[in-house]
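Heads up: the structure comes next, in structure tokens.
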2 protein chains.
Amino acid sequence: MTNTHDTPHPCGKCAFYAGSIWQPISSGSISVLTQGFSRKELDAGQALYEQGTENRGVFCVSKGLIALRALHPDGKSTLLKLAYPGDVVGYRSFLENDCHKTEARALQPSKVCTVAQRDANRVMQGNPLVLTKLAGRCVSEINNSRERIISAATLPNKKRLSALLHRLMESHGVRTGNTLRMQLPLSRSDLADLIGVQPETMSRLFKRLRDDGELVISGRDIQMPVPLPTRQVVSQ
Amino acid sequence: MTNTHDTPHPCGKCAFYAGSIWQPISSGSISVLTQGFSRKELDAGQALYEQGTENRGVFCVSKGLIALRALHPDGKSTLLKLAYPGDVVGYRSFLENDCHKTEARALQPSKVCTVAQRDANRVMQGNPLVLTKLAGRCVSEINNSRERIISAATLPNKKRLSALLHRLMESHGVRTGNTLRMQLPLSRSDLADLIGVQPETMSRLFKRLRDDGELVISGRDIQMPVPLPTRQVVSQ
DNA sequence: CGCTCAATTGAGACCTCTCAAGACACGTGG
DNA sequence: CCACGTGTCTTGAGAGGTCTCAATTGAGCG
């Protein structure tokens, strides 16, 4: 019934196949993976999963941008992570076999591939490398969190915002001559979350950066000069 | 040469055996584990490993208290985590097969069990459950980091300090009648790191908590009333 | 046009940071 | 035992930053 031979890998045509957590796996597992595999399109603002709901599998962003937010009892929320194409989301609750402690919501029109929980577990059991790769994603996430904690303790807010904008520019910016330009994918509130201040303060930080001549802002349109190549200090 | 039969599990007598990442493993792996196993005592202030050094294995705290700190180029440092008995440290660099990005230093006289890298890898390869458990530790660490980020964005410093002291009291406090009392295992600087303020601000926060009557402080000796049983709101 | 939501601006209270100086505990050596 | 360091902790003062509450502006949309 199952042809273990010529079933193509469901992620085979994905641009992020090389780094996929579902690769390599035994040819026998490919049919299991395919069985649990589905692709979904999300409009901007649409939720991939809601906080508090049961985990239904492991999700991989293939296009667009997903925001992971923790919703608080008082109605506010905190933006915890931006998931770009190639990123895996939902693995925290998958590994814990627990409900989602954050919501995942598309910031831009996005495409997400899902491997259903049951099949994901079966593939994982037959292919230890899958768990190895997932653990690698966990470690990356730990690294990211630590960087965020360290920069919060180390840098003043203005510098943190500047660094954040430069990072966003790397992903979303288009270079024209000597300037970079992007449409911010985030609201001011979300930006404020990412550096840990109130939205009003965010506005004022923007103004200060503008006054410093670091960038030109108009709504979500941002321009800045191409940064000089920063010379990394090589630690022996 | 190896007796696969009656070699005892090296963690068998440990109080944290039940939650150990090295359990259960195949009886054949026990001798490998034993081979890579060593126990080390650390004085207060002594380093388990230094930042920037190569990973030499996976460490498990069996007694005392270990501080994980990130050291910055400017000479300052940030306290990232307190590792209590039962906690595993060094697994981040172990999984990445990379050098340590933090230092681990004993805050109190401590005992740490080490499984050397080479043998840890061999045991892990033969026992997928080990990686499963390690992934679980990663997920816990992610949860901790997220809580820290959320509370930094949500609560004012005074409340964060209060929450931190209550948490420390749970681990280090002794109840006498209606009061809890502990010797702080941390310097003011380390406490300041944990909530993300300067040491001077830490002092002033302490003073405000004292003025509020929340606690009695004398150096590192802290007393507070036993908190009322907080009634958890059950979210349906 | 009028609604709504996002973003900005204003004002004042409050807090935190920095730099500096003092208080305190602890250990060492005279 | 005392003097003297040393490191930790506290306190002070002023500048600067952030927060909150409130009002205003701006942009998108029926």
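Chain letters run A, B, ... following the sequence lines, proteins first and then strands; every chain starts at 1.
- With a 6.0 Å cutoff to the six-membered ring centre and a 45° limit on the axis angle, A:R137 does not count as a cation-pi contact of A:Y91.
- Ionic pairing of A:R146 and A:E141 is not present here: no N-O contact between side-chain nitrogen and carboxylate oxygen is shorter than 4.0 angstrom.
- For B:D98 and B:R92, the salt-bridge test fails: no basic side-chain N is under 4.0 Å from an acidic carboxylate O.
- For CZ of B:R210, the number of neighbouring non-hydrogen atoms (other residues, nucleotides, ligands) closer than 6.0 Å is greater than 12.
- Classified by interplanar angle (parallel below 30°, tilted 30° to 60°, perpendicular above 60°), the ring pair A:H100/A:Y49 is parallel.
- Applying the side-chain hydrogen bond (donor to acceptor under 3.5 Å, both in side chains) test to A:E103 and every residue at least two apart in sequence or in another chain returns A:R105.
- Distance CE (B:M202) to P (C:dC17): 11 Å, rounded to an integer number of Å.
- In the set D:dT11, C:dT16, D:dT20, C:dT16 carries the atom at the smallest distance from any side-chain atom of B:T201.
- Side-chain atoms of B:E200 come within donor-acceptor range of the base of C:dC19, with a qualifying N/O pair under 3.5 Å.
- Of the candidate nucleotides C:dA7, C:dC19, C:dG10, C:dA7 has the atom lying nearest to any side-chain atom of A:S203.
- Taking atom CZ of residue A:R204 and atom P of nucleotide D:dC19, one finds them 9 Å apart after rounding to whole Å.
- A salt bridge is defined here as a Lys NZ or Arg NE, NH1 or NH2 lying under 4.0 Å from an Asp or Glu carboxylate O, and B:R69 with B:D193 fails to meet this definition.
- One finds no side-chain N or O of B:R208 lying less than 4.0 angstrom from the OP1 or OP2 phosphate oxygen of D:dT10.
- Computed from coordinates, the A:D221 CG to D:dG26 P distance equals 18 Å when rounded to whole Å.
- Spacing between atom NZ of B:K207 and atom C1' of D:dG12 amounts to 9 Å, rounded to whole angstrom units.
- Judged by distance alone, the side chain of B:S218 and the main-chain N or O of B:D221 form no donor-acceptor pair under 3.5 Å.
- Regarding A:K159, its NZ atom lies at a distance of 16 Å from the P atom of C:dC17, rounded to whole Å.
- Only B:V197, B:Q198, listed by number, bring a heavy atom of residues 185-198 of chain B to less than 4.0 angstrom from any atom of DNA chain C.
- Taking atom CZ on A:R160 and atom C1' on D:dG17, their separation rounds to 13 Å, with Å as the unit.
- Within 6.0 Å of CZ on B:R118 lie no more than 12 heavy atoms contributed by other residues, nucleotides or ligands.
- Distance CG (A:L205) to P (D:dG17): 10 Å, rounded to an integer number of Å.
- Put simply, A:N157 has no side-chain N or O that comes within less than 4.0 Å of OP1 or OP2 on D:dG17.
- Atom CZ in A:F206 sits roughly 10 Å away from atom P in C:dA7 (whole-Å rounding).
- The stretch residues 72-83 of chain B has no heavy atom under 4.0 Å from DNA chain D, so no residue of it qualifies as close.
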